[in-house]
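For the single chain, residues carry numbers from 1 onward in sequence order.
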Amino acid sequence: MLYTSCYSSPLGQLLLAGDEAGLTGLWFEGQKYYPRSLPPACEAHGLPLFEAARRWLDQYFAGREPDIAVPLHFTGTAFQNEVWALLCEIPYGRTATYGEIAARLAAKRGVPHLSAQAVGGAVGRNKISLLVPCHRVIGANGSLTGYAGGLDRKARLLALERTAPPCTPAG
């Protein structure tokens, strides 16, 4: 069964979705790819999952690296799930480029090359914003590129983390 809850963040209302396996979604209200199939009103469920997510978000928006584990349940394609797992390896306060993520995934799969554009498509459809830090992915030239929650929010999230120079995801 799918449950939803809401969280009021400094950057706008967030909708959280989860099931017995973990958090399946976290979206800024009205963002691109905002789920249309979930119940329109937030249900107040006292699931431990949502309590953990709220504590994580409280720490994050207080400008600290969260130290709370929140179970995640990816519900995308196999390719999207692989990309989203790599996003989770980008350290707090750091960034990576689409090309770096593509190269990392290609190496993991044992192939010579994967398209940075294909990676960008998967990054853009990340269903678990913030906890799967797609906002930490930037263009090859260091520019802020697409973010489903809006480029202004992306800039504010990176500033909140006092983002350091780009790095390749740990691993």
Between the main-chain N or O of Val132 and the side-chain N or O of Asn126, is there a donor-acceptor pair closer than 3.5 Å?
yes
Whether the side chain of Thr95 engages the backbone of Val137 through a donor-acceptor N/O pair (distance < 3.5 Å, no angle test) should be reported.
no
Nearest heavy atoms of Ala53 and Leu16, plus distance in Å:
CB-CD2, 3.6 Å
Whether the side chain of Gln80 engages the backbone of Thr77 through a donor-acceptor N/O pair (distance < 3.5 Å, no angle test) should be reported.
yes
Quick check against the 3.5 Å criterion: does Ser9 have a side-chain atom that pairs as donor or acceptor with the backbone of Leu11?
yes
Is any side-chain heavy atom of Phe79 closer than 4.5 Å to a side-chain heavy atom of Arg109?
yes
Report all side-chain donor-acceptor pairs from residues 60-67 shorter than 3.5 Å, counting only partners two or more places apart or in another chain.
unit_1	atom_1	unit_2	atom_2	d
Tyr60	OH	His135	NE2	3.3
Tyr60	OH	Glu161	OE2	2.7
Asp67	OD1	Gln59	NE2	3.0

Modelled atom types, side-chain donor and acceptor of Thr75 and Lys127, under 3.5 Å:
yes
Would you say the side-chain atoms of Asp19 pair up with the backbone N or O of Leu2, donor to acceptor, closer than 3.5 Å?
no
Which pair of heavy atoms, one from Thr97 and one from Gly139, lies closest together, and at what distance?
CG2-O, 3.6 Å
When you look at Tyr147 and Arg153, which way does the side chain to side chain contact (heavy atoms under 4.5 Å, CB included) test go after all the steps?
CA-CA 8 Å; Tyr147 181 63; Arg153 278 194 186 116; 4.1 Å; yes
Where the side chain of Asp152 meets the backbone of Ala155, is there a donor-acceptor pair that is under 3.5 Å apart?
no
Val83 vs Leu105, test: side chain to side chain contact (heavy atoms under 4.5 Å, CB included). Steps then yes/no.
CA-CA 7 Å; Val83 170; Leu105 186 54; 3.8 Å; yes
Asp58 and Tyr7, any side-chain heavy atoms less than 4.5 Å apart:
yes
Heavy-atom nearest pair, Ala102 first then Leu114, reads CB-O, 3.4 Å
Would you check if the side chain of Lys154 reaches a backbone N or O of Thr145 as a donor-acceptor pair within less than 3.5 Å?
yes
Measure the CD-CD1 distance between Glu82 and Ile101 for me, rounded to the nearest 0.5 Å.
13.0 Å
Measure from the side-chain N and O atoms of Trp84 to the backbone N and O of Pro133, and report whether any donor-acceptor pair falls under 3.5 Å.
no
With rounding to the nearest 0.5 Å, note down the distance linking CD in Gln31 to CG in Leu14.
8.5 Å
Take Val123 and Tyr98, measure what side chain to side chain contact (heavy atoms under 4.5 Å, CB included) needs, and give me the verdict at the end.
CA-CA 9 Å; Val123 170; Tyr98 297 95; 4.0 Å; yes
